[in-house]
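For reference, the structure discussed in these notes is given below.
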Amino acid sequence: MTHAHEVPGDAAWSAPVRAGRTITLTALADGANATMLIIGTDRLDRLNIPDTLKSQMSARIKPGMVLMSDRGLALATVIASSLDWHDCLTGARPDRLLLLELVKHGLGEADLHGCVNFFSKVAVADDPRASLAFVPDHAHAGDTVTLRADQDLLIFVSTAPHALSDGTAASVAVQLEPPAHLETPAHLETLVRLETPVHVEDPELREEAVRALRLTRELIA
Amino acid sequence: MTVTATTVALDSVVEAGDGALVTVPAGGRLQIVDLYGNQAVDTLFYDAHDIDNRYSAFDTIREQRAVFLTIGSRLVSTRLDELAVITDDTCGRHDTVGGACSQESNVIRYGESTRHQHACRQTFLRYGAKAGIGQRQLTHNINFFMNVPVTPSGGLTFEDGLSAPGKYVEITASRDLFALISNCPQVNNPCNGWNPTPIQLLGWW
Ligand SMILES: [Zn+2]
C-alpha cells in the first residue's frame, strides 16, 4: 500500500523500504533539499558515492543512474526526476540531524557516509582546483525525484538546508509505493531504460551499472 | 601535545599493492613519495584516540569549496575537526572523489575474472584491524597522486596521473593520527599507469 509522509524543513526521517518499491520525493517549496543516506538492511552495506560515480562516469546524480553499495550491488535506481543534477560531492549539513536518526536504528557516527543532496546543485568551475559554488535557484516547488529500491533498504532523509545554502529549510513530501506489477528480472532492466528521460545525454546505462542490477537481483533471489 | 623536536622517525618503502598503518603524532610531518610516478596511494586518516572521528572526503571538499586537494587543503573529519593539513606538494593535485578499489567493485567494473585480484579495501581491512578499523570504519578515502577530473557539466573520468618519479606530498598532523595507507594494486585502469610500483614513507616527529 502507498505510504505518504511530509517531512517538515529542518527535520530528519527514516524508513525501511522493501525491494521493488518506489520512493518519490517532492519539493514543497523553492530551494528544498533532501539529504539521503542509504544503507542495506544488513546495516553495513552502504551507499558508496565514489563507486556510483566511477561506474557511470558522472559527478552528479541524474535519472537513469544506479546507486551502488560498498559491495558493488545496486541499492536503488533513479528512475525519474524533473531535475538532471542532484549534488553528491559536498556531504550533509553538519548539524547531527542524521546522526540522531541513525542512532534509532542502532547505528551511529561510523555510519555517517557519503550521501546525495537531492534537489541541490553545486556547480563545478573549470579551474585547476575544480572550485565549487552552490546554485541557489536550482529546485522549485513541485520538483520530484523517484527512486526504485533494488533491494531491501533503510533510508535516512534530512531536510536541513544544503550545507552551502543560506536559504531557509523547506518541507519535502515522501511517497512510498509498491511495485505496479510483479517484476521479472527482464522487466527491471527494461524499466530503467524506458523511464530514463530523453534529456539525459546518454540514456544507456554503462555496463557496470547493468551488472550491479543483475547481481542485486541474484542476491535477492 | 605538539612535538617540536623533529628527527627522521620513519623511512620505509611500501611495495606495490601493500599497505601500512602509521601513527603520526600531532605536529608530525608525513611525506609520501611516488618513487616511480603514476602511483595512486589510497589513504584514510583517523583521530588516533577516537577512530569515529575520521577523515571525511565530502566534508573536506565542501569546507574548502573545491574538489581537488593540494597545499593548504585542510583534511577534516565528520565532526569538522581538522585532522591534518597538506603542507607540501610537488604533484599539484590529488583526488578524493574516486574512492578505493574493492574486490566487489572490480567485479562490477571489470568482470568476474577480477574477483580475487588484490584490492585497496582488502589492504585497508588488513592493516586497519590492529587499530579497530573494520568495514563500518572505512569511508571514502584520499587518492594521493591520482587524477580524476570533474567537469563543469558534471562528468567524471579517470586519467593518467599528473605525477612523476620522485613527486611527493606532505601532510602535517593537527592531532595524533592514524594514517591507513593502501599502495593501490589496481591493474585494470590507468590510475597506476597500468603498473603498480613502490612508494616511500618519510616521517619527521
Ligand atoms: Zn586501489
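Protein chains get the first letters and strands the later ones, always in sequence-line order, with residue 1 at the start of each.
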(request) Write out, in numerical order, the residues from residues 113-121 of chain B with a heavy atom short of 4.5 Å from a heavy atom in chain A. (result) R121(B)
Can you see which heavy atom on [X] is nearest to which on [Y], and at what distance?
X       : Y       : answer
A130(A) : F68(B)  : CB-CE1, 3.4 Å
A59(A)  : V150(B) : CB-CG1, 3.6 Å
A125(A) : P152(B) : C-CG, 4.1 Å
F58(B)  : I49(A)  : CZ-CG2, 3.6 Å

Note, [X] side chain near [Y] side chain (heavy atom, < 4.5 Å):
X       : Y       : value
T151(B) : D126(A) : no
R71(A)  : Q103(B) : no
R93(B)  : R129(A) : no
H113(A) : H140(B) : yes

Contacting moiety of [X], where chain B heavy atoms sit under 4.5 Å:
X       : result
D70(A)  : both
A133(A) : neither
A123(A) : neither
L215(A) : side chain

Quick one: of [options], who has the most non-hydrogen atom pairs under 4.5 Å with chain B?
options                            : answer
E208(A), K121(A), M68(A)           : E208(A)
P50(A), G114(A), P128(A)           : P50(A)
R96(A), E207(A), M57(A)            : M57(A)
A209(A), A163(A), G108(A), C115(A) : A163(A)
R43(A), R46(A), Q56(A)             : R46(A)
V122(A), L164(A), D45(A)           : L164(A)

(message) If I take atom CG from residue D52(B) and atom CG from residue L112(A), how far apart are they, to the nearest 0.5 angstrom?
(response) 9.0 Å
(message) To the closest 0.5 Å, what do you measure between NZ (K54(A)) and CG (N189(B))?
(response) 7.5 Å
(request) Using a strict cut-off of less than 4.0 Å between a Lys/Arg side-chain nitrogen and an Asp/Glu carboxylate oxygen, indicate whether R54(B) and E109(A) qualify as a salt bridge. (result) no
Which atoms of [X] come close to chain A, meaning under 4.5 Å heavy atom to heavy atom: side chain ones, backbone ones, both, or neither?
X       : value
T139(B) : both
I61(B)  : both
A100(B) : backbone
Q64(B)  : side chain
R136(B) : both

Counting heavy-atom pairs closer than 4.5 Å to chain A, which one of [options] comes out on top?
options                          : value
R65(B), E104(B), E63(B)          : R65(B)
V148(B), T157(B), V107(B)        : V107(B)
C101(B), S105(B), A66(B), S56(B) : A66(B)

(message) Looking at S153(B), is its backbone amide N or carbonyl O close enough to the side chain of R60(A) to form a donor-acceptor pair, meaning the two atoms are under 3.5 Å apart?
(response) yes
(message) Test your reading of the model: is there a side-chain donor-acceptor pair from R211(A) to the backbone of I108(B), 3.5 Å cut-off?
(response) yes
